[in-house]
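Report on the following structure.
A note on names: the letters A, B, ... follow the listed sequences, proteins ahead of strands, and every chain is numbered from 1.
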Amino acid sequence: MRTVWDIIKSPVITEKALVAKEESRDGRQLLTFRVDRHATKPEIKSAVERIFQVKVDAVRTINYMGKKARRGRFEGRKPSWKKAYVTLEDGQEPFEYGESI
Amino acid sequence: MFMKTELVDISPTRKELKIEIDAAAISTEYDRVSDRYAKAANVPGFRRGHAPRNIVRQRFKNEIRAEVLQHIVPQAISAAITESSLAVIGEPDVRLDNDAALDKFGEQPIALHAHVEVLPDIALGQYKGLEAARRTRPITEEMVEETIRELREESSSLQPVEDRGAQSGDIVTVNFRGRFIDPPAEEDITVDEVDVEIGGPGVVQDFNDHLLGTRPDDERTFTVKYPEDFSSKGLAGKEIEYTAVVTAVRVKEVPELDDEWAKGMGEKVDSVEGLRAHVRQNLTESAQRESDFRLRNELMDKLVAAHQFEVPTTLVEHQTQQLLESTVRDMLQRGVDPREREVNWEGLRDMLRARATEDLRGSLLLERVADEERIEVTDEEVAAEISSFAEATHQSIDQVRAALTKQGGERSIADRLRNRKAFDLLIENASVRDEEWREEEVEAKVDETPVVSGTSTADQLTAESSNSAVAGDGESRPNE
C-alpha cells in the first residue's frame, strides 16, 4: 500500500534549499523535499500536511534527470528523481525538518 | 562561578566532590565548539564551512558533545579542587550523574561527582624523645683474624702439581663423559674443564675417592649412584658411569701472612700490623653503619606504630608496583627469568603491598614532621646532593641535572632531602641509650625489617635455581 512516506522521501538539505527556506521573498516558508517521481502536486500537498501538521499553500515540482554514471565500459544513469518546493501558508510555526526523516 | 560544588567526606583519604555545572556555561562552550566544527565540516549539499550550526551539530553530535565535556569537566573539577583547597593525589574518578542533560545538551545543568584521594590529615603525636637502643656489634680479635684469613684465601693462586698425585684439597680439572646406567638414557653427559676440589664442600664422595691420586692425562672410569634427594633433579636417584680424563692437577697456594703480602692489600698498608688496624677500622665502621641503620629502623617502626592512619590507595598501588618491578629486576640481574619460574605473583604482591604501606606511612610521617618543624631545603643543598650523586655515578653534573629534569626529579630530590633532615631531627631528639650487643635478637629483628625482607623474598624465589646452578652436575663447584 502506498503511504504518505512513499511520496515524501527525504528533505533536501543543501545550501541552496536552506537559503530558499530562510529568505523566501514574501515571508512564507519554502520547504524542499525529494519526492516520488510519479507523485502529483495534490498528493505531495496532502502528504506534507499529514506528516508535518502544517498548512500548505502551493507546491511546485521539478524533475531531475539522473546523472550519467560509468563503471568501466558500461554506461548508465543514476535514478532520476523529482524535487518538490512546498510553500507553506502565512503565519505557520517556524519549520524544522528535525530528524524525523 | 559557573558551577556549584559540595564536598562529601567518605574517609580520611577519600573525598567526593559533587559538582553541578550551570547550563549557561555549557551552552557557551557548546556554541564555541560547534562553531569551530562548522568552520571545517564537510557536509554534503554544502560548501565546506558553509553548513549552518544546527546541521553541523546534528551531524557531529557525539564528537562535539565529547569535546565539550572533555574541556569543561576537568576545568570544573580542578576549580572545585582549588575551591575546597584539597591536596589531591592521583587522578580523580569522575562519574556523570544525569544522563538526561546530555540529550538536551546546553539546556540543562550537568551534575557529576568525582572521587578524589587526598593525603590524610595526620595528627602528629609524640615524635620527639622516642626511645631506642643503639647496639653496636663489638669487634673482636677473632673477627679481624678471620677477615684476614679470608683475604689470604681470596688472593690465593693455583699452582700446577707435577711431582705427586692429587691430594685432598687439590683442584683437579677434569673432562667428564657420563653414561646413564640406571635408568638408561639416550643422551650422554659431556662436561669439559670441570674444576673439582677434592674433599671440598658439596662434592659427591664418589668423585673424591676416584680422583684422589690422579695425575694429568690419567683416565678413570667409575659409577656414581646419586642419592634420591640429590639437589639436582635430573640426577637424583640415578646411576651414572663416568669416564674422567684429568687435564690438570693444581694446588691452592695461600700466601704467607707477611708484610710483603700485606703491602699488596692496600695503598696505605705497609705491614701486617697496619693491615690489622685497617681491617679493624673497616669492621668498626661497618658495625657502626649497621647499628645506625638498625637504630633508624627502630625509630621509624616506633614512629609508624604510634601513628595509625589511612594511606591513600593510589600511592600504595604505585609503590607496590615499583617494589615489584625492582624485585623482578633484581631477579633478572641474577640471571633468573621470572617467567620461567613459578612465582606466586599474588602472594608476592600482597606482601609487597604491606611493605609499601609501611614505607609510605613512614615517609608521610616524616613529611608531616618536616612541616611541623618548618624544615626547608635550600637550592644549595639540592645542588650539593646532585653533585655528590654525579660523583658517585661518574656522570657530569649537567648530565645528572638533565636526566633529573626529564623525570621531574629535582623536586623529588628536594623532598628526599627534606625527609632526611626530618629524620635527622628525629634522631637528635630521640632518647637513645647504648645497650649490650645481643646476637640472637638481632637475627630475629633483621628478618622483620622491611628492607631486608625484600631481598629475602628474592632469595626464596631464586633459592632453588641457584642451587642447581652451582651443583649443576652434582660433582663440582662452578669454574673459577
Side-chain angles (χ1 to χ4, degrees), chain A residues 5 8-25 27-37 44 48 51-54 59-70 77-88 92-101, chain B residues 21-73 96-112:
Chain A
W5 294 103
I8 310 294
K9 291 188 166 160
S10 68
V12 174
I13 301 175
T14 61
E15 257 186 273
K16 180 176 177 179
L18 286 192
V19 168
K21 177 171 177 280
E22 306 294 334
E23 297 168 16
S24 49
R25 264 156 289 166
R28 290 179 301 176
Q29 295 189 70
L30 186 65
L31 311 181
T32 40
F33 297 97
R34 219 172 231 267
V35 296
D36 188 275
R37 264 211 301 156
I44 294 166
V48 170
I51 292 174
F52 298 104
Q53 308 291 319
V54 289
V59 176
R60 290 173 294 147
T61 57
I62 180 169
N63 276 304
Y64 281 90
M65 196 79 123
K67 289 178 179 176
K68 273 187 187 172
R70 189 206 284 275
R77 273 184 189 285
K78 288 188 174 179
S80 301
W81 57 286
K82 183 184 258 187
K83 180 159 82 175
Y85 287 93
V86 178
T87 314
L88 301 189
Q92 293 282 311
E93 291 282 305
F95 185 84
E96 292 287 342
Y97 289 108
E99 291 164 64
S100 52
I101 299 182
Chain B
I21 306 172
D22 292 347
I26 295 168
S27 82
T28 322
E29 181 63 20
Y30 188 31
D31 290 351
R32 202 180 62 78
V33 176
S34 311
D35 285 347
R36 218 191 56 231
Y37 265 77
K39 248 185 196 138
N42 253 334
V43 184
F46 297 89
R47 288 167 294 154
R48 179 199 285 274
H50 283 74
R53 188 151 87 189
N54 54 351
I55 286 172
V56 171
R57 269 185 192 174
Q58 232 174 57
R59 216 179 151 78
F60 298 102
K61 195 162 51 186
N62 295 333
E63 289 90 336
I64 294 179
R65 206 185 276 167
E67 190 161 317
V68 171
L69 287 179
Q70 253 169 36
H71 185 82
I72 208 162
V73 168
L96 290 184
D97 288 338
N98 52 345
D99 295 338
L102 290 183
D103 286 338
K104 296 188 179 153
F105 208 76
E107 293 168 33
Q108 282 183 13
I110 290 181
L112 54 93

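- The one candidate from Tyr85(A), Phe52(A), Trp5(A) that meets the ring-ring contact (aromatic ring centres under 6.0 Å, His included) condition with Phe33(A) is Phe52(A).
- Within the model, atoms OG1 of Thr61(A) and NZ of Lys83(A) stand 11.5 Å from one another, a figure rounded to the nearest 0.5 Å.
- A heavy-atom distance below 4.5 Å is found between the side chains of Leu69(B) and Ile110(B).
- Inter-residue side-chain proximity for Ile64(B) and Gln58(B) is flagged as unmet; no heavy-atom pair is nearer than 4.5 Å.
- The CG atom of Leu18(A) sits 8.0 Å away from the CG atom of Asn54(B) when rounded to the nearest 0.5 Å.
- The contact list for residues 34-48 of chain B toward chain A, using heavy atoms and a distance under 4.5 Å, reads Pro44(B), Gly45(B), Phe46(B), Arg47(B) by residue number.
- For the side-chain contact (heavy atoms from CB on, under 4.5 Å) test with Val48(A), the passing option among Ile8(A), Val59(A), Val35(A) is Ile8(A); the others fail.
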